[in-house]
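Written out below as structure tokens is the structure these notes cover.
Note that ligands are numbered from 1 as they come in the structure, with each ligand's atoms numbered from 1 the same way.
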Amino acid sequence: MMMPGRVMLVDDEAMVREATSQWLELSGFEVEAYEAAEAALARITPETDAVLLTDVRMPGMDGLELMREALQRAPDLPVILLTAHGDVDMATDAMRAGAYDFIEKPYVPDRLVERIQRACEKRRLTLENLRLQQNLASRSGLDARLIGISPAIQRVRNELLALAELDTNVIIYGETGTGKELVAQCLHDYSNRARHHFVPINCGAIPENLIESELFGHEAGAFTHAAKRRIGKFEYASKGTLFLDEIESMPLNLQVKVLRALQEHQIERLGANAPIPVDLRVIAAAKVDLRDDPNFREDLFYRLNVSELHIPPLRERIEDVPLLFAHYVHRGAVDHDREPRTLSDHDIDALQSYAWPGNVRELKNIAIRYAIDPRASLVDLLSRQQQMQFKPVVTRPNLPLAVQVADYEARLIREALEKHRGNIKAVMEALDLPRRTLNQKMVRYGLNRADFTEE
Ligand SMILES: Nc1ncnc2c1ncn2[C@@H]1O[C@H](COP(=O)(O)OP(=O)(O)OP(=O)(O)O)[C@@H](O)[C@H]1O
Ligand SMILES: [Mg+2]
């Protein structure tokens, strides 16, 4: 049940005022009654959490003027006018001047309650949207970058600021799309290394034969295609921050080389004779606990895991969803030159009951689609999103093998599309599929590249 809300009632006639107050209070409203328009007006601010119910004919400032003045101070304030029977012309003028509603006296009490209730609901939504916007505007520094009001995200922000100063290696843990790279970038930006480079490396994605020259560089002529000297990522990151993304997918032979470089604080370019000193802070990101991973070297783990930072999934900080969504709807509208769209109560409920398996990245994509297409309903976008999530194969053991296989295939392709943000070439490589076959399969499974790309 919705709270009925507050009413500012203005009527110069004591009898009417008291009777109306009493009726509204019995119906659950909080009532502030005023004998004169001026007194009510003095209380109105843009944040006034009430609706204004006023008589029109009053000595001194009348109801219409009160309305005009009130709307100057609180542009969206719902104003309901109590008009004398038959005063239709005045009522139409008033509606044109911005009145929310008018009610003829003598009024039918139940109808009055119903209409005030609607006005209160509207007021609540206006204030909610205002609050979201102000929240966005007033946030500066870290809370403007790592958005959220939940205790969990506040804890992440505080830990981040404390760790930024420490200069120790950090592993950031979190599910896909929770903001690991964003947090790593912030750790760098708020550290003493901020003036130097932040260098991300995707540990699973570098082709085996390029690893050494990518990471450590090479001299001209070091191998057949090495025409020019190349500075590797480790050297480039020196004095700055090296971000080892998806560290759990780092091949064992690479782990050995990385460990050695970190232990010795130096690297060797391929084909060079002398080692080069490097001053590195390493931030790594992982989706799984590396302690349990037999394929990850313990010595490297302990070198990296000096500090840990855990980012909880969005479903465990659902309070953050409306704010994050409003943020990205706003950004989508600005970037694509669209009219701003607001959210209804129903929308906010829908957003908060969705599970967000793709976390903030998924939310951001939906928010931007919502901002761009004024006809898209949020509930439709969310249910489409839900349909795209396939049930795990194990829950459908009674289906024919072919169906289970197809299910599994669709899921793998979908996961690859997610992982590579809709980059078809990367998916072709990851799954070792020719373009034509991939296209056919995507059509068959209703997978749409655009649903995976990131703004
Ligand atoms: N708290 C937040 N406030 C604002 N934007 C956020 C927040 N968390 C994540 N994002 C945004 O969500 C998107 C995904 O975040 P990011 O790439 O950092 O996730 P990730 O954990 O590295 O994901 P993956 O494991 O899939 O690589 C980015 O566009 C990022 O800017
Ligand atoms: Mg990432």
Side-chain angles (χ1 to χ4, degrees), residues 132 135-161 170-190 198-206 241-250 282-290 308-332 334-335 351 356-371 385 414-423 426-427 430 451-455:
L132 289 174
N135 231 319
L136 292 177
S138 70
R139 271 177 299 105
S140 62
L142 187 56
D143 40 359
R145 294 186 63 186
L146 199 60
I147 297 166
I149 49 166
S150 63
I153 202 75
Q154 287 172 29
R155 175 185 57 72
V156 171
R157 281 197 296 260
N158 292 338
E159 286 178 12
L160 190 163
L161 290 174
V170 181
I171 302 188
I172 303 170
Y173 292 98
E175 288 178 10
T176 183
T178 46
K180 296 185 292 299
E181 179 148 7
L182 177 62
V183 164
Q185 177 79 58
C186 291
L187 269 171
H188 171 75
D189 293 346
Y190 283 83
F198 174 80
V199 182
I201 298 177
N202 189 328
C203 299
I206 314 174
T241 306
L242 189 65
F243 176 50
L244 299 178
D245 203 359
E246 308 206 2
I247 186 126
E248 65 270 32
S249 58
M250 187 186 279
V282 183
I283 298 175
K287 291 195 182 67
V288 292
D289 194 343
L290 294 168
E308 297 181 7
L309 223 166
H310 293 263
I311 313 178
L314 205 46
R315 64 182 173 281
E316 289 174 16
R317 45 182 166 112
I318 211 75
E319 315 93 287
D320 292 342
V321 166
L323 189 60
L324 277 164
F325 200 83
H327 170 75
Y328 282 116
V329 168
H330 175 76
R331 231 183 69 184
V334 171
D335 289 353
L351 284 173
W356 301 112
N359 294 295
V360 186
R361 179 177 303 108
E362 183 184 18
L363 174 144
K364 177 179 169 181
N365 288 339
I366 294 186
I368 290 173
R369 266 182 258 156
Y370 179 74
Q385 191 76 2
R414 176 182 156 70
E415 280 170 5
L417 281 163
E418 254 167 15
K419 177 163 177 190
H420 298 287
R421 324 261 154 91
N423 180 333
V427 173
D451 291 335
F452 300 93
T453 53
E454 198 170 15
E455 283 299 311

What heavy-atom pair brings [X] and [Y] nearest, and what distance separates the two atoms?
X	Y	result
Thr178	Val360	O-CG2, 4.3 Å
Tyr190	Leu161	CD2-CD2, 3.7 Å
Ala286	Glu248	CA-OE1, 3.3 Å

Residue selection (non-hydrogen contact nearest [atom]) among [options]:
atom	options	value
atom 14 (C) of ligand 1	Arg361, Arg145, Glu175	Arg361
atom 20 (P) of ligand 1	Lys180, Lys287, Arg157	Lys180
atom 19 (O) of ligand 1	Ser150, Ala285, Gly358, Gly179	Gly179
atom 10 (N) of ligand 1	Val360, Asn359, Thr176, Val183	Val360
atom 30 (C) of ligand 1	Leu182, Ile172, Ile153	Leu182

[X] heavy atoms, cut-off 4.0 Å: which ligand 1 atoms fall inside?
X	value
Lys364	29 (O)
Arg421	26 (O), 27 (O)
Leu324	2 (C), 3 (N), 4 (C)

Q. When rounded to the nearest 0.5 angstrom, what distance separates OG1 in Thr453 from CG in Leu417?
A. 10.0 Å
Side chains of [X] and [Y]: does their closest heavy-atom pair fall under 4.5 Å?
X	Y	value
Pro151	Glu319	yes
Leu314	Arg317	yes
Asp335	Ile368	no
Ile201	Asp245	no

Q: Look only at interatomic distance and state if Glu246 has a nitrogen or oxygen under 3.5 Å from any nitrogen or oxygen of ligand 1.
A: no
Q.
Ile147 versus ligand 1: do any nitrogen or oxygen atoms come within less than 3.5 Å of each other?
A. yes
Yes or no: does [X] have any heavy atom under 4.0 Å from an atom of ligand 1?
X	result
Lys419	no
Glu362	no
Gly177	yes

Q.
Suppose we screen for ring-ring contact (aromatic ring centres under 6.0 Å, His included). Which residues come up paired with Tyr173, at least two apart in sequence or across chains?
A. His310
